[in-house]
Amino acid sequence: MEHGSFEDQSKATFSLTDEDHTLANALRFSLNQDPRVTFCGYSIPHPSDARVNIRVQTTGDPAREVLNDSCQDLMLICENVRDTFNKATSKFKTEKGLSSMDIKN
Amino acid sequence: MGRASDSDSDNMDSGESITKVSVWDLPDVPQGKLLSHLELKRTRVFCASLAPTNTENVNYSGAYASMGVDNSVRFEQFRNNFKVEIMRLEEDELEFDMIGIDPSLANAFRRILIAELPTMAIEKVLIANNTSIIQDEVLAHRLGLIPIKVDPRLFEYMSENDVPNEKNTIVFKLHARCKKGSERLRVLSNELKWLPNGSELILATESPASHSSTKPKTYTSFSSSQDTLPEFSNNPIAPKDADIIIAKLGPGQEIELEAHAVKGIGKTHAKWSPVATAWYRMLPEVVLLRDIEDDEAETLAKKCPVKVFDIEDIGKGKKRATVARPRACTLCRECIREEGWDKNVAVRRVNDHFIFTIESTGALPPEVLFTEAVKILEEKCERVITELS
């Protein structure tokens, strides 16, 4: 992973290897929710390379930090999704009395 | 710009009854709250009679800044709005509603479920004898596609230079023979027998006579038996379904082989995908824009092939159409196809409400698959964070 920024820290392109739409689109969503971001988008330069470029432009904060925060946000969201999902499944199981379904995790 | 075009369409809707009002007498745009038509556009996809419209999501945090509306999603807000409701949970199938989440995340989960969750599948087949009519390579491919009921989290990936050992390989044996003069024989997946001690085939480079005292080298090097592990001691590894036909043997034909299963992901080959499929659809919303009564109600109820509409009695022999089962709607748009009906019925989808279905192939239960998928997305984020710092 590299990033192309020179003097101006507020604009950068981050090139993530071995990633695709799965992460890039989720990150784009997360970045766009950040009020500090003025522009954000991603592209896959060539379909047979496992690589995405994420462009981040901010109102002044270093793009690197903003991307970092977005990743943190996304992780928090994921954690919350997992939590909510687990609660919902255990609630469903107790309600339905699916004791026959032996799940160890 | 959005507002200007909307007020145009408002005027058109009201038709001839336009009364001229001075611009200065118009009320101010309310601050801090989205106008109802904008809110509708923000949260719904419209299914017009020709094609869905308004399919794009508004993502940018400052999209409604001119109205004093903050479109950024703080984590607190997400946490308060996000809901999961389980609809159906069976051994291999799970249907649940995910409410209050962006399509980009729902899609990320779906993509991970299909292509990036690991399972174990047969990758290498050592064929000792195959006199059946099915070719070696076709047979090997068929074996690869058989789902194996084993938790992949108990195994490691095997990289190119690794030797097959008890931590990264599962070995199965298959020996089937159809006796001469007997009927044709079907070879089913339950004839794959697990070898917890690893391969029994002696390595081709090994000369059989030289080491009579030491154990001859085989195609795997297991240091211990897999069935001593507590996970497998009472629960032998086997294909998930016992009745998959692998081959058919004619009289005198024989198959003898050894199959080595390793850990992999669906991106490499679909045989490693843990789901038969995983998909989602947005919640359909059907709204009657005016009261549909009597004969019209009957026509409307008949139009819908999945019976979304019901007819209720409202007394005095009058009947009225109601939307009884919007969830059943397949968005076929049959109800708004006829000229003018799109003025009576609106078919929409709720932007952030996903009906998510996971069909597991059997290695892991579907609810575990979903939590694992979310964990993988977290790991991806973590990787970016460590590479940034």
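Because the structure is a prediction, the values reported are computed rather than measured. Sequence lines set the chain letters: A, B, ... in the order given, protein chains first and strands last, and positions in each chain run from 1.
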Best-contacting candidate, [options], against chain A by heavy atom pairs under 4.5 angstrom:
{"options": "B/Ile86, B/Thr371, B/Val374", "answer": "B/Ile86"}
{"options": "B/Lys375, B/Lys267, B/Arg110, B/Glu379", "answer": "B/Lys375"}
{"options": "B/Ser389, B/Cys381, B/Ala115, B/Ala108", "answer": "B/Cys381"}
{"options": "B/Arg111, B/Glu382, B/Lys83", "answer": "B/Arg111"}

Sub-4.5 Å side-chain heavy-atom contact between [X] and [Y]:
{"X": "B/Glu116", "Y": "A/Thr22", "value": "yes"}
{"X": "B/Phe370", "Y": "A/Val81", "value": "yes"}
{"X": "B/Arg383", "Y": "A/Leu23", "value": "no"}
{"X": "A/Phe14", "Y": "B/Val384", "value": "no"}
{"X": "B/Asn59", "Y": "A/Gln33", "value": "yes"}

Chain A contact via B/Asn71 - which portion, at a heavy-atom distance below 4.5 Å
backbone

Is chain A contacted by the side chain of B/Tyr60, its backbone, both, or neither, given a heavy-atom distance below 4.5 Å?
both

Gap separating the [atom1] atom of [X] from the [atom2] atom of [Y], nearest 0.5 angstrom:
{"X": "B/Met98", "Y": "A/Phe85", "atom1": "CE", "atom2": "CZ", "value": "9.0 Å"}
{"X": "A/Phe92", "Y": "B/Glu85", "atom1": "CZ", "atom2": "CD", "value": "11.5 Å"}
{"X": "B/Lys380", "Y": "A/Met75", "atom1": "NZ", "atom2": "CE", "value": "13.5 Å"}
{"X": "B/Phe109", "Y": "A/Cys78", "atom1": "CZ", "atom2": "SG", "value": "4.5 Å"}
{"X": "A/Arg82", "Y": "B/Leu377", "atom1": "CZ", "atom2": "CG", "value": "10.5 Å"}
{"X": "A/Gln72", "Y": "B/Ile385", "atom1": "CD", "atom2": "CD1", "value": "4.0 Å"}

Flag the one option from A/Thr89, A/Asn25, A/Asn80, A/Asp34 with the top tally of heavy-atom pairs under 4.5 Å to chain B.
A/Asn80

I'd like to verify something: which residue of A/Leu74, A/Leu27, A/Val37, A/Leu76 has the highest number of heavy-atom pairs under 4.5 Å with chain B?
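Looking at each option in turn, the highest pair count goes to A/Leu76.
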
Minimal non-hydrogen separation, B/Ser61 against A/Pro35, with atom names:
OG-CA, 3.5 Å

Taking all non-hydrogen atoms of both residues, which atom of A/Glu79 and which atom of B/Glu378 are closest, and how far apart?
N-OE2, 3.8 Å

Sort [X] into side chain, backbone, both or neither according to what part of it lies under 4.5 angstrom from a heavy atom of chain B.
{"X": "A/Leu31", "answer": "neither"}
{"X": "A/Glu65", "answer": "neither"}
{"X": "A/Asn86", "answer": "side chain"}

List the atom pairs, donor and acceptor, that lie under 3.5 Å between side-chain atoms in residues 275-283 of chain B and the rest of the protein, sequence neighbours left out.
residue: B/Tyr280; atom: OH; partner: B/Asn107; partner atom: OD1; Å: 3.4
residue: B/Arg281; atom: NH1; partner: B/Arg327; partner atom: O; Å: 3.4
residue: B/Arg281; atom: NH2; partner: B/Arg327; partner atom: O; Å: 3.1

Flag if over 12 foreign heavy atoms under 6.0 Å of NZ, B/Lys167:
no

Residues which pass side chain to side chain contact (heavy atoms under 4.5 Å, CB included) with B/Thr53, listed by chain and number, not counting sequence neighbours
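For B/Thr53, the residues satisfying side chain to side chain contact (heavy atoms under 4.5 Å, CB included) (neighbours in sequence not counted) are B/Phe46.
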
